[in-house]
Amino acid sequence: MEIPENVELNSAENILLYSLCCCYVVPQCLCTGLHSQTISFSSQVGSHLEQQSLCPEVSVGQDRFSGFHIMSQFHIAELASRGTVQEVPGSSPQQLAYHIGPAFNFRINTRSAYPRGLPEEFAFAAELRMRGGTVRASWNVWQMQDAKGGEQLAVGLDGGAETLELTLPAPDAGSQTAVFGPLPSLFNDRWHRVLLEVRRRSVTLVVDCVPVGARDVSPRRRVSPDGFTLIGKRRDHPGTAAPFELQSMLIHCDVTRAREEACQLPANTQCGPAPRHPPSNPFL
């Protein structure tokens with residue numbers, strides 16, 4: 001919008017014009033001062049704005065990022081201090097992990113953890129170790145249910161088929177699932193880092209810093225915050241815990257940054273191919 005040079009606007013008129021431009025022309029254009037310049041918004045800009053509106057800033061060690069600290073949502077460290085959850089050695093001598101089992105029902109209200117929901121694009125990152133019968137079980141590492149108990153979003157492991165599955169809402173109703181596998185090197189009792197990069201039309205799986213592959217998905221409706229979020233539950237008996245050890249579990253709202261941070265591995269972290277058949281352990 002051009003202003004003739006011979007027209008003077010007072011401060012009140014300046015403020016009004018600026019407000020009208022920014023409120024009614026954005027996002028079609030951006031405003032600077034009294035002039036507007038047409039700029040096309042890219043999907044990256046839109047995704048960034050969505051991150052800012054939905055994702056809080058969280059800190060993990062010295063890292064600070066937009067996302068969600070899932071273990072804090074479930075107060076796992078606090079439960080361990082009370083003796084409700086067992087502390088176990090992590091993937092390296094410097095790391096601490098927790099045994100997730102039947103001693104506590106890990107279920108929380110989704111709205112309390114994700115009051116504004118999740119962005120369309122995000123990354124799920126976890127470092128975990130399966131124990132005992134969980135290696136061959138079918139279970140959900142992390143799951144969001146709707147108010148009626150239906151599955152909206154889930155990261156699942158199927159030990160029988162040796163597959164990892166990500167369930168997402170479908171565009172209109174129901175769900176869609178991206179299946180990766182078979183992945184024999186994942187199903188054992190060693191520590192593994194699992195990263196799922198969820199974008200608008202694709203899902204990419206990275207295991208132990210090695211890209212496994214990508215699957216096409218459809219754009220989807222939003223996850224409803226009315227329901228429950230759970231970790232470590234069997235699929236055939238959703239009320240039954242699947243014992244495993246958990247060192248970290250995060251949601252990154254910056255998908256690109258997630259892989260860089262997830263693969264900053266400690267020197268002693270076991271990463272890469274592992275034996276197909278797990279050795280015996282005390283949780284059998």
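Just so you know, residue 1 is the first one in the sequence shown, and it goes up from there.
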Distance from [X] atom [atom1] to [Y] atom [atom2], nearest 0.5 Å?
X: Tyr98; Y: Leu79; atom1: OH; atom2: CG; answer: 10.0 Å
X: Leu128; Y: Ile100; atom1: CG; atom2: CD1; answer: 10.5 Å
X: His99; Y: Ile76; atom1: NE2; atom2: CD1; answer: 12.0 Å
X: Met130; Y: Arg136; atom1: CE; atom2: CZ; answer: 8.5 Å
X: Leu195; Y: Thr204; atom1: CG; atom2: OG1; answer: 9.0 Å
X: Ile251; Y: Leu54; atom1: CD1; atom2: CG; answer: 12.5 Å

Determine the minimum heavy-atom distance between [X] and [Y], stating which atoms define it.
X: Arg220; Y: Pro169; answer: CB-O, 2.9 Å
X: Gly101; Y: Phe106; answer: O-CE1, 4.3 Å
X: Arg190; Y: His192; answer: O-CD2, 3.1 Å
X: Trp191; Y: Ala97; answer: CH2-CB, 3.4 Å
X: Ala178; Y: Val217; answer: CB-CG1, 4.3 Å
X: Ser112; Y: Asn109; answer: OG-O, 2.6 Å

Are [X] and [Y] packed together at the side-chain level, in the sense that at least one heavy-atom pair is separated by less than 4.5 angstrom?
X: Val179; Y: Asp158; answer: no
X: Leu250; Y: His69; answer: yes
X: Val212; Y: Val206; answer: no
X: Asp254; Y: Phe122; answer: no
X: Met71; Y: Leu246; answer: yes
X: Arg199; Y: Val255; answer: yes
X: Phe180; Y: Thr163; answer: no
X: Phe187; Y: Leu157; answer: yes

Basic-acidic side-chain contact under 4.0 Å: [X], [Y]:
X: Arg221; Y: Asp172; result: no
X: Arg259; Y: Glu197; result: yes
X: Arg234; Y: Asp236; result: yes
X: Asp226; Y: Arg111; result: yes

Decide yes or no on salt bridge (charged side-chain N to carboxylate O under 4.0 Å, His left out) for Arg129 and Asp189, but give the supporting numbers first.
CA-CA 6 Å; Arg129 175 163 65 175; Asp189 70 347; over 6 Å; no
Just by distance, no angles: are the side chains of [X] and [Y] close enough, under 3.5 Å, to form a donor-acceptor pair?
X: Gln152; Y: Gln145; result: no
X: Thr240; Y: His237; result: no
X: Gln73; Y: Tyr114; result: yes
X: Thr167; Y: Ser175; result: no
X: Glu165; Y: Thr177; result: no
X: Ser91; Y: Glu127; result: yes

Determine, using the 4.5 Å side-chain heavy-atom cutoff (strictly less than), whether [X] and [Y] are members of one ILVMFWY cluster.
X: Leu230; Y: Phe104; value: no
X: Phe124; Y: Phe228; value: no
X: Leu168; Y: Met249; value: yes

Step by step, work out the side-chain contact (heavy atoms from CB on, under 4.5 Å) result for Glu121 and Arg200.
CA-CA 6 Å; Glu121 296 191 349; Arg200 180 172 174 78; 3.6 Å; yes
Is the side chain of [X] donor-acceptor paired with the backbone N or O of [Y] at a distance under 3.5 Å, no angle test?
X: Arg222; Y: Leu118; result: yes
X: Asn140; Y: Trp142; result: no
X: Thr134; Y: Arg131; result: yes

Worked check of side-chain contact (heavy atoms from CB on, under 4.5 Å) between Leu205 and Val194:
CA-CA 7 Å; Leu205 173 64; Val194 174; 4.0 Å; yes
CZ (Arg235) with more than 12 external heavy atoms under 6.0 Å:
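Buried by this count: over 12 neighbours within 6.0 Å.
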Tell me, with the steps shown, if Val141 and Ile231 meet side-chain contact (heavy atoms from CB on, under 4.5 Å).
CA-CA 5 Å; Val141 179; Ile231 58 174; over 6 Å; no
Which of parallel (below 30°), tilted (30 to 60°) and perpendicular (above 60°) describes Phe244 and Trp139?
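Correct class here is tilted.
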Under the side-chain contact (heavy atoms from CB on, under 4.5 Å) rule, what do Ser202 and Arg215 come out as? Steps first, then yes or no, please.
CA-CA 6 Å; Ser202 68; Arg215 301 291 184 267; over 6 Å; no
